[in-house]
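So the structure is just underneath, and the comments pick up after that.
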Amino acid sequence: MAKILIVEDDDATRTGYREFLKLAGHDVIATSTYQEGRHAAATESPDLVIADLRLGGFNGLQLLLLSPQPIPTIIVTGFHDEVLEAEARRAGADYVVKPISPSNLVTLVKERLERKSAPH
């Protein structure tokens, strides 16, 4: 069972992601702020992070860039921005524009976890 950290400031979105990822068999930690997400990333050793791009005065991409060890990351945003998308992809993250269906998110999570565990 993979441990997934969700960092999403919208309550309904965070709850939805948590519920359908739990139904898909994952252990889920859900936080609502950048600071909570950064703490959970450091203490919980998640296998994957799903982060909103805009988290108050912070950018969800900072969770990936400031992590001491690489964590597969999916950046989810309501706003398409080609520059931020390019930056996310350069850092190794997937970049998804909301809305994303539960089945598409679960599929993307599965693909990211498989890529992480595939031999290099």
Side-chain angles (χ1 to χ4, degrees):
M1 172 176 9
K3 186 184 293 186
I4 299 173
L5 170 60
I6 298 168
V7 187
E8 169 63 62
D9 57 359
D10 180 77
D11 292 339
T13 302
R14 184 177 59 255
T15 299
Y17 289 175
R18 180 179 60 228
E19 293 309 310
F20 56 75
L21 288 168
K22 279 185 174 185
L23 287 172
H26 299 292
D27 181 14
V28 181
I29 303 150
T31 64
S32 62
T33 67
Y34 172 83
Q35 292 86 350
E36 289 172 354
R38 184 122 190 246
H39 178 74
T43 59
E44 298 286 342
S45 301
D47 297 302
L48 182 125
V49 174
I50 298 171
D52 192 2
L53 184 62
R54 296 184 180 180
L55 294 167
F58 294 92
N59 175 329
L61 191 52
Q62 291 171 302
L63 290 168
L64 171 64
L65 297 173
L66 297 175
S67 175
Q69 63 270 17
I71 303 172
T73 302
I74 301 169
I75 298 295
V76 184
T77 182
F79 308 94
H80 186 261
D81 181 315
E82 290 180 12
V83 173
L84 288 172
E85 180 177 3
E87 186 178 334
R89 296 205 185 279
R90 262 194 310 279
D94 285 290
Y95 185 94
V96 179
V97 178
K98 296 176 191 175
I100 181 170
S101 72
S103 61
N104 286 348
L105 185 60
V106 168
T107 298
L108 184 56
V109 165
K110 183 176 183 248
E111 289 170 358
R112 280 308 308 245
L113 291 170
E114 287 171 355
R115 271 187 266 160
K116 176 187 176 188
S117 62
H120 297 289

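Note that these values count all heavy atoms, side chains included, but never hydrogens, waters or copies made by symmetry. Not measured: the values here are computed from a predicted model.
- Shortest non-hydrogen contact noted between Ala91 and Leu65 is CB-CD2, 3.6 Å.
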For residues 5-12, please give each side-chain donor-acceptor pair under 3.5 Å, one per line with the distance, not counting sequence neighbours.
residue	atom	partner	partner atom	Å
Glu8	OE1	Lys98	NZ	3.2
Glu8	OE2	Asp10	N	3.0
Asp10	OD2	Ala12	N	3.4
Asp10	OD2	Thr13	N	2.8
Asp10	OD2	Thr13	OG1	2.7
Asp11	OD1	Arg14	NH1	3.4
Asp11	OD1	Arg14	NH2	2.5

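- One distance of note links CZ of Arg112 with OG1 of Thr73; it measures 6.5 Å at 0.5 Å rounding.
- Looking at Asp47, its side chain never comes within 3.5 Å of a backbone N or O of Ile4 through a donor-acceptor pair.
- To the nearest 0.5 Å, atoms CZ (Arg54) and OG1 (Thr77) are separated by 6.0 Å.
- Note that CD1 of Ile50 is 4.5 Å distant from CG of Leu105, once rounded to the nearest 0.5 Å.
- Leu48 and Leu23 are assigned to two separate hydrophobic clusters, defined by single-linkage of ILVMFWY side chains at heavy-atom distances under 4.5 Å.
- Ser32 OG to Leu55 CG: the interatomic distance, rounded to the nearest 0.5 Å, is 9.0 Å.
- Of all heavy-atom pairs between Leu63 and Gly37, the closest is CD2-C, 3.9 Å.
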Give the intermediate values and the outcome of side chain to side chain contact (heavy atoms under 4.5 Å, CB included) for residues Leu61 and Tyr95.
-> CA-CA 10 Å; Leu61 191 52; Tyr95 185 94; over 6 Å; no

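- Nearest heavy atom pair, residue Pro46 against residue Ala41, reads CD-O, 3.6 Å.
- Atom NZ of Lys3 is surrounded by more than 12 heavy atoms from other residues, nucleotides or ligands within 6.0 Å.
- Cluster membership for Leu53 and Leu64, using ILVMFWY side-chain heavy atoms within less than 4.5 angstrom, is shared.
- With sequence neighbours left out, Phe58 forms a ring-ring contact (aromatic ring centres under 6.0 Å, His included) with Tyr34.
- By the 4.5 Å heavy-atom criterion applied to side chains, Val96 and Ile75 are not counted as neighbours.
- In this structure, the separation between CE on Met1 and NE2 on His26 is 10.0 Å, given to the nearest 0.5 Å.
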Side-chain donor/acceptor pairs under 3.5 Å, residues 78-85, sequence neighbours excluded:
residue	atom	partner	partner atom	Å
His80	NE2	Glu85	OE1	2.8
Asp81	OD1	Val83	N	2.9
Asp81	OD1	Leu84	N	3.0
Glu85	OE2	Arg89	NE	3.3
Glu85	OE2	Arg89	NH2	3.3

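- For the atom pair OG1 (Thr31) and CZ (Arg18), the distance works out to 10.5 Å, reported to the nearest 0.5 Å.
- Judged purely by atom type and a 3.5 angstrom limit, Thr107 uses its side chain to pair as donor or acceptor with the backbone of Ser103.
- Minimum interatomic distance between Ala2 and Leu113 (heavy atoms only, all atoms of both residues): CB-CD1, 3.5 Å.
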Can you check side chain to side chain contact (heavy atoms under 4.5 Å, CB included) on Tyr17 and Val109, steps first, answer last?
-> CA-CA 11 Å; Tyr17 289 175; Val109 165; over 6 Å; no

